[in-house]
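Before any comments, here is the structure.
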There are 2 protein chains.
Amino acid sequence: MRSGDKRTTLADVAAEAGVSVALVSIVMRGAPGAGAATRERVQEVAHRLGYQPDSRARLLRSGRSRLLGVVFDVRHPFHHDLLTGLYDAAERAGYQLTLSAVTARRGERTAVGDLLQDRCEAIVLFGGELRSSELASIAARLPVVAMMRGVRRKDVDVVHNDDALGSHQAVDHLVSLGHRRITHIDGDSVHGSVERRTGYQEAMRRHGLDQHIRVIPGGAGEDDGARAAEKLLADPPTAVTVFNDLGATGLLDVLHRNGLRVPGDVSVVGYDDTSLSRLAHIDLTTIAQDVDAMATRAVQRAVERIEGTPTGLRSVIIAPRLVVRGTTGPPAG
Amino acid sequence: MRSGDKRTTLADVAAEAGVSVALVSIVMRGAPGAGAATRERVQEVAHRLGYQPDSRARLLRSGRSRLLGVVFDVRHPFHHDLLTGLYDAAERAGYQLTLSAVTARRGERTAVGDLLQDRCEAIVLFGGELRSSELASIAARLPVVAMMRGVRRKDVDVVHNDDALGSHQAVDHLVSLGHRRITHIDGDSVHGSVERRTGYQEAMRRHGLDQHIRVIPGGAGEDDGARAAEKLLADPPTAVTVFNDLGATGLLDVLHRNGLRVPGDVSVVGYDDTSLSRLAHIDLTTIAQDVDAMATRAVQRAVERIEGTPTGLRSVIIAPRLVVRGTTGPPAG
DNA sequence: ATGAAAGCGCTAACAC
DNA sequence: GTGTTAGCGCTTTCAT
């Protein structure tokens, strides 16, 4: 017996309950226009027959899908947190999510293509490498909301973290502990890197620490942080702000191997509040992006575009917050 | 202007190309039965009009969806690796994947429910907490393949790692390095825990090391590994096999804090080969599950059930392999 | 409050 | 090779 041979349809329920399909449809959707008695009976029959509405047929007929497409990367831990928030936000807005993953062997273009076929009404992109012009060509077909990346186009909505502010928070925290010689490890060409670096520089100036500004080239990986740490060893500062948690982890490791104590000799602040930073033996002070706020705004943006209530502002920037853990403390001496 | 207002349909393309809808359908699917010239012209028009087939309508009509539903947990790093493999395997089999995530605030039942409405033809479940009886009730509606968990039902297919064999590999590796006093940290009630523990015990006996068998209670988290390590300190063995990588990380940390050198004083083997184990400062010897093989077999299983070519065997067990990194070496002395 | 009928975008039989 | 016809399962007028 092949499965799927006999799915229960509206017609089946209607026949069994002795009413018309239209009426069953009304009951199933909870729409007004059916008697209480009928309602109950139909519901009972539907349940008994194990009826499951066919979303495809439903959406085909009603013209809308109420579907939000999401492109995320399975390799990026932060994307998973964001998915959690997005599911909630979508549900609150009365939309469903349809996921399309980017993997090591499945590109962003493929992921977007699938979503387009699924007839979702808007697409939410997490980071990614698509060029602004490509995003624009997608945006010509349906609303696009890009999260955690910049887009030089005004036909694409953008929701992201206030990276500069995050760096300010990190520097402020360190300065309040008494640090003055604070170095920043850069994120190279990764999205947000420029903002985090600039934020660091601004904050340092604001505290009158211009002469202590020092930026070491780095990157998005653990090894980038480790390499940056090597360069620091000759003349270590009392504190370091690192582009992201992964880099901070690499840096911490090199520091430890070289006998430097954290936070005794050097304080370290990461960025992103990934699960890594929460591990007991890392216990990293870091900057947390406000996942729920970002997700909520992204969905709100998408829905506004879908329903034609544009707000004019295409860019939403969410404030992050400092999470103090064990890698920061007052400087020695 | 609301988006989605004017999607190009088959009819539009047909009108523009001056042919019938049916013919366009044939061309778009690459099905036989159309002239080369027509084919080219239709394709040109479709492209020019930016035509995108509507998968919902398509699937509704053809009765099948060629969709495989996947339930994964965003919090589990290993699930992401598996997704990568599953996308490939599905594509090879001519199926598409439709993802439904479990999050901290979105349960497995909800995730499965969505998939059911999407009319996928089979469901692949990663781990999870659903009881066997619940799985059975889903399996009554469509084929279910459960990965990385056991199911005491013969109406559900199971594809998982050979946990016992993995433990054998870990012990064999340590014994070949010269270790005899090898302790196992248990995974408590987590799926696979019993098999990994039993495998350890068997392997020890096989090597005539019965009197060195020692199992410490643990769990799936980093802290469980750390707690287990504390218990070990009084009388540390020369090597430890840990239920999973996360636990091994916690254990390593406690070992280091107490001045024990790895692998000098104690060798450590984890399980799962997660990205964590690959971090330079952890560099954990571990047992890698064969993700691609598992994904391939899971899809194969699902397709067999869908297409009604049952094989009788409902359980597939895949051999893992040892990945030697920096936490194992010969015992001191 | 309920039912009949039309049709969403597409594919599959069957004619020509 | 190409067009015609009939639905897939559902929602949505419009009658009754």
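Throughout, a chain's letter reflects where its sequence line sits, starting with A, and its residues are numbered from 1. No hydrogens, no waters, no symmetry mates; every other heavy atom, side chains included, goes into these values.
- Residue Ser20(A) places at least one side-chain N or O closer than 4.0 Å to OP1 or OP2 of dG3(C).
- The nearest whole Å value for the distance from the CG atom in Leu23(A) to the C1' atom in dG3(C) is 8 Å.
- Considering only side-chain N and O atoms, Arg29(B) lies nowhere under 4.0 angstrom from the phosphate OP1 or OP2 of dC10(C).
- Of the inter-residue distances, the one linking Leu83(A) atom CG with Phe72(A) atom CZ reads 5.5 Å to the nearest 0.5 angstrom.
- Leu10(B) places its CG atom 18 Å from the P atom of dG7(C), with the value rounded to the nearest Å.
- Dashed line: the shortest gap from a side-chain N or O of Ser62(A) to OP1 or OP2 of dC8(C) is not under 4.0 Å.
- The nearest heavy atom of DNA chain C to Tyr51(B) and to Gly35(A) marks one nucleotide each, and the one closer to the 5' end goes with Gly35(A).
- To the nearest whole angstrom, the two P atoms, one in dT5(D) and one in dA6(C), are 16 Å apart.
- Atom CG of Leu67(B) and atom P of dC8(D) are 21 Å apart (whole Å).
- Counting heavy atoms from C-beta outward, Met148(B) and His191(B) have side chains that stay 4.5 Å or more apart.
- Rounded to whole Å, the distance from CD1 on Ile26(A) to C1' on dG3(C) is 10 Å.
- Side-chain atoms of Arg141(A) do not come within 3.5 Å of backbone N or O of Leu116(A) as any donor-acceptor pair.
- In this structure, Leu59(B) places its CG atom 15 Å from C1' of dA12(C), rounding to the nearest Å.
- As judged by a 4.0 angstrom heavy-atom cut-off over every strand, Ala22(A) is placed among the base-contacting residues.
- Contact annotation: side chain of Arg58(B) to base of dG9(C), donor-acceptor pair absent below 3.5 Å.
- Comparing dC10(C), dG1(D), dA1(C) against the side chain of Thr38(B) picks out dG1(D) as the nearest.
- The CG-C1' distance, from Leu60(A) to dG9(D), rounds to 9 Å in whole Å.
- In this structure, Arg66(A) atom CZ and dC10(D) atom P are separated by 19 Å, rounded to whole Å.
- Rounded to a whole Å, the CG atom of Asp54(B) is 14 Å from the C1' atom of dC10(D).
- Arg75(A) CZ to Thr103(A) OG1: the interatomic distance, rounded to the nearest 0.5 Å, is 6.5 Å.
- For Ser25(A) and dC10(D), the shortest distance from a side-chain N or O to OP1 or OP2 is not below 4.0 Å.
- In summary, the aromatic rings of His80(B) and His80(A) are positioned with their centroids under 6.0 Å apart.
- A donor and an acceptor atom never sit less than 3.5 Å apart when one is taken from the side chain of Arg56(B) and the other from the base of dG9(C).
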